[in-house]
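Each residue takes its place number in the sequence, starting with 1.
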Amino acid sequence: MQQFQQIQEPFVCACGFSCNYKCEKELEIHIDACPVYSAYSEFMKYIERKDIQNASLDQLRVLRAEAKVYLSRLDMMLMIYSQQQLPILQKTPSQTVQCEKCKKQFGANSDFDKVWYLENCSHILCKDCMLKICKDDFLPRKSNVTCVCGERFKDQEIKQILGKELYEQLTEKLNLSLQNIIECCHCKERFCFQKGNIEEKIQDQNGKLVQGEQLKHYIENRFKCSKCHTEQCRNCMSVPYHTNMTCEEYKINKAAVKCRLCDQPTEVKKNQPEALQTICQQQECQNRAKNLCTIKFNCGHFCQGLKNTPCLPCLNEKCAKDQNEDDYCNICFTEGLKSQPCVQTTCGHIFHEDCLRQKLDAKWNGPRIVFNFMKCPLCNKFLDVQVPHFKKSIEQGKALLKEVQELCLQRLKLEEKEKDKELLDPTHQFYQKPLDYAMHIYCYYLCFKCKKPYFGGLKNCQQAADQDPKVEFKQEDLVCTKCCPLLTLEDKCKKHGVDFIDFKCRHCCSIALWWCHGTTHYCDPCHRNIKTNMTKPCPGPGKCPLGIPHKPNGQEMSLGCSLCRAERLKAK
């Protein structure tokens with residue numbers, strides 16, 4: 001508190017003598033020693049009645065607290081008197097004082113317990129601002145906490161504001177820092193700090209190279225805990241480390257108004273709906289804002305969903321239960337959920353709307369039809385989204401799934417695989433699950449021309465092709481038997497139609513799965529190793545894998561119905 005060293009008027013003691021003193025200390029000595037004053041002072045009588053020598057510990061603590069409160073009030077009134085140079089009795093109840101930091105007004109009399117009068121510079125700070133300054137600056141400034149004017153706080157002032165426990169915690173952290181020992185803010189593991197390599201090329205989250213003062217700060221302050229792997233700053237203890245910013249720059253950036261989507265500093269635009277007032281001018285953010293919901297929840301946070309659709313749960317970290325706005329989208333894994341408009345699936349998970357749409361549109365990679373694109377990345381359930389423009393993609397996927405399932409069951413029955421040991425063994429994963437088993441063993445492609453699925457062999461063969469880096473996939477090479485121009489009426493099976501017609505690989509004695517360049521059928525091995533002079537001679541009757549007579553390799557040929565061919569071979 002502000003101390004008043006000079007006594008402006010002579011002090012009149014109850015002893016009857018006018019006593020002049022140069023400072024308050026001399027005044028205190030006189031009052032303490034004067035027996036006449038003690039006998040006539042109401043305040044001293046009150047103290048004597050308390051019998052402090054025989055008081056209990058709790059009584060002493062209460063008495064000390066009372067004295068401090070009374071002393072604080074006296075100091076405040078003396079401060080006002082000193083600054084205004086007016087008699088205290090002339091002060092009006094409406095007089096106010098202002099915090100030098102937040103500029104908030106306080107009643108000089110009514111709010112005396114909410115403000116702090118700094119001793120070194122005589123400025124006034126509200127206790128909230130005082131506490132924030134002490135907490136934020138104690139470690140970065142190595143306990144040299146200052147007023148907004150730059151004048152240093154006294155240690156006693158810092159200790160009183162922070163409280164004994166917090167003050168001791170921060171002092172211990174500071175002492176560890178001065179000894180080059182760091183403590184993880186999460187797991188409390190302690191270890192010796194080692195500077196980074198100044199020659200290392202560091203990039204921030206936007207791919208920008210860290211240079212100059214920011215690189216120096218990175219080398220001297222950034223560390224990752226060896227136990228819990230939390231990345232943090234040893235100077236200001238921020239998590240994660242503020243790459244490409246010093247602590248001061250990070251503090252300024254943190255206090256600035258941020259774009260709701262990209263977290264970059266921006267300005268508030270009052271001519272926009274409240275939900276869009278903090279969207280920055282970057283084209284990407286502006287485009288995303290066009291589809292962003294503008295509804296504000298009762299909690300004060302904004303919906304992160306699409307406009308004109310049912311609102312999502314609040315994703316703010318203070319309200320969110322499972323996923324929050326800072327969590328990565330589990331489809332793109334590059335941006336937080338708050339960076340784009342989001343949608344929620346019926347299974348309860350939230351993703352970027354654009355990422356989910358791209359996932360459904362892209363369908364599958366490679367030639368083989370797989371249905372992972374229709375499943376939730378988090379729980380693996382089939383996707384369902386109550387947003388109109390997703391309805392068509394989801395219905396198309398379901399229709400294709402149903403068609404492939406029917407073809408798989410049909411082939412399982414025609415190939416008499418319903419009695420395979422996998423379906424009869426109670427310990428097997430496919431026990432009494434013919435559909436799951438058929439979907440597991442069979443491979444289907446989507447014809448480029450008719451957009452219908454067609455049989456592409458056993459799945460284990462296709463997996464080998466998928467893992468081969470030499471495989472080049474072109475959608476136009478996927479043509480079903482029905483759409484192949486080489487198919488003639490003579491090839492049509494009277495019993496099974498054209499659904500099970502096979503073609504021979506032009507270059508070997510294998511079943512063809514690929515129709516490339518509009519001229520040539522290939523099996524998987526030949527398709528992976530297309531080159532000149534690749535035609536292999538047939539090993540001859542009894543050794544040929546096809547088991548039937550055929551044209552010399554190097555020529556196109558239909559093998560007829562695969563089911564009928566299998567029946568004939570079985571009969572032999």
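- Heavy atoms from other residues, nucleotides or ligands lying under 6.0 Å from CD of Gln358 number more than 12.
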Under the criterion side chain to side chain contact (heavy atoms under 4.5 Å, CB included), I'd like the reasoning laid out for Phe106 against Gln98: C-alpha separation, chi angles, the key distance, then a yes or no.
CA-CA 6 Å; Phe106 294 88; Gln98 178 177 274; over 6 Å; no
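- Residues Trp116 and Gln160 come closest through the heavy atom pair CH2-CB, 3.7 Å.
- The 12-atom threshold is not exceeded at NZ of Lys392, counting heavy atoms of other residues, nucleotides or ligands nearer than 6.0 Å.
- More than 12 heavy atoms of other residues, nucleotides or ligands sit less than 6.0 Å from atom NZ of Lys269.
- More than 12 heavy atoms of other residues, nucleotides or ligands sit less than 6.0 Å from atom NZ of Lys375.
- Taking CG from Asn221 and CG from Asn235, the interatomic distance works out to 5.0 Å, rounded to the nearest 0.5 Å.
- Within a 6.0 Å radius of NZ in Lys318, no more than 12 heavy atoms belonging to other residues, nucleotides or ligands are found.
- Side chain of Gln232 to main chain of Arg222: no donor-acceptor pair is present (N/O by atom type, distance under 3.5 Å, no hydrogens or angles).
- Of all heavy-atom pairs spanning Ala275 and Arg260, the tightest one is O-NH1, 2.9 Å.
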Let me see the working for Phe297 and Cys311 under side chain to side chain contact (heavy atoms under 4.5 Å, CB included), right down to the final yes or no.
CA-CA 9 Å; Phe297 298 128; Cys311 284; 4.1 Å; yes
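- Side-chain atoms of Lys208 do not come within 3.5 Å of backbone N or O of Gln203 as any donor-acceptor pair.
- Environment of NZ in Lys173: sparse, with no more than 12 heavy atoms of neighbouring residues, nucleotides or ligands closer than 6.0 Å.
- Glu172 has a carboxylate O that lies under 4.0 Å from a charged side-chain N of Arg190, or vice versa, which qualifies the two as a salt bridge.
- Under the 3.5 Å distance criterion, with hydrogens and angles disregarded, no donor-acceptor pair is assigned to the side chains of Gln340 and Glu353.
- Looking only at distances, no side-chain donor or acceptor of His301 sits under 3.5 Å from a matching main-chain atom of Cys319.
- Taking all atoms of both residues into account, the shortest heavy-atom contact from Phe193 to Phe223 is CE1-CB, 3.8 Å.
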Hey, mind stepping through Cys376 and Phe382 against side chain to side chain contact (heavy atoms under 4.5 Å, CB included) and telling me if it holds?
CA-CA 6 Å; Cys376 173; Phe382 277 93; over 6 Å; no
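- Between the side chains of Gln214 and His242, no donor-acceptor pair is found at a separation under 3.5 Å.
- Counting all heavy atoms, side chain and backbone alike, Thr278 lies closest to Thr266 at O-CG2, 3.5 Å.
- Contact annotation: the side chain of Leu356 approaches that of Ile331 to within less than 4.5 Å [non-hydrogen atoms, C-beta and beyond].
- Inspection of the Glu249 and Asn253 side chains reveals no N or O donor paired with an N or O acceptor under 3.5 Å.
- The shortest distance between side-chain heavy atoms of Ile295 and Phe302 does not fall below 4.5 Å.
- The 12-atom threshold is not exceeded at CD of Glu317, counting heavy atoms of other residues, nucleotides or ligands nearer than 6.0 Å.
- Side chains of Asn330 and Ile350 form no contact here, defined as non-hydrogen atoms less than 4.5 Å apart.
- Looking only at atom types and distance, the side chain of Gln272 has no donor-acceptor partner in the side chain of Gln277 under 3.5 Å away.
- Distance alone, capped at 3.5 Å, is enough to place a donor-acceptor pair between the Gln179 side chain and the Asn175 backbone.
- With a 4.5 Å cut-off on side-chain heavy atoms, Val343 and Phe390 count as touching.
- Thr346 has its side chain out of reach of Val385: every pair of non-hydrogen atoms, C-beta onward, lies at least 4.5 Å apart.
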Let's go through Glu335 and Arg288 carefully: what are the C-alpha distance in whole Å and the side-chain angles of both, what is the deciding distance for salt bridge (charged side-chain N to carboxylate O under 4.0 Å, His left out) to 0.1 Å, and is it a yes or a no?
CA-CA 13 Å; Glu335 292 183 305; Arg288 291 173 176 179; 3.1 Å; yes
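- A pairwise comparison of heavy atoms in Cys342 and Leu337 identifies SG-O, 3.1 Å as the closest pair.
- No more than 12 heavy-atom neighbours from other residues, nucleotides or ligands sit within 6.0 angstrom of CG on Asn298.
- Judged purely by atom type and a 3.5 angstrom limit, Tyr241 uses its side chain to pair as donor or acceptor with the backbone of Tyr218.
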Please test Lys154 against Asn120 for side chain to side chain contact (heavy atoms under 4.5 Å, CB included), starting from the C-alpha separation and ending with a verdict.
CA-CA 7 Å; Lys154 285 202 167 187; Asn120 284 344; 3.3 Å; yes
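- In this structure, CD1 in Ile202 is found 5.5 Å from CD1 in Ile219, a value given to the nearest 0.5 Å.
- With rounding to the nearest 0.5 Å, the separation of CG in Leu292 from CG in Asn287 is 12.5 Å.
- Counting heavy atoms from C-beta outward, Leu125 and Ile133 have side chains that approach closer than 4.5 Å.
- The only member of Lys195, Arg234, Gln194 that meets side chain to side chain donor-acceptor pair (under 3.5 Å) when paired with Asn180 is Arg234.
- The shortest distance between side-chain heavy atoms of Asn316 and Cys299 does not fall below 4.5 Å.
- With rounding to the nearest 0.5 angstrom, the SG atom of Cys99 is 11.0 Å from the NE2 atom of His123.
- The closest donor-acceptor contact from the side chain of Lys127 to the backbone of Asp113 lies under 3.5 Å.
- Under the 4.5 Å side-chain criterion, counting only non-hydrogen atoms from C-beta, Val97 is not in contact with Glu100.
- Rounded to the nearest 0.5 angstrom, Gln323 CD and Leu312 CG are separated by 10.0 Å.
- For the atom pair Cys332 SG and Asp354 CG, the distance stands at 9.0 Å (nearest 0.5 Å).
- Ion pairing between a basic and an acidic side chain is recognised when a charged N comes within 4.0 Å of a carboxylate O; Asp137 and Lys251 show such pairing.
- Using a 3.5 Å distance cut-off with no hydrogens or angles, the side chains of Thr246 and His217 do not pair a donor with an acceptor.
- Salt-bridge annotation for Glu231 and Lys224: absent, with no side-chain N of the basic residue lying under 4.0 Å from a carboxylate O of the acidic one.
- Of all heavy-atom pairs between Ile394 and Met374, the closest is O-CE, 4.0 Å.
- In summary, Lys338 and Asp263 engage in a salt bridge, as defined by a charged side-chain N under 4.0 Å from a carboxylate O.
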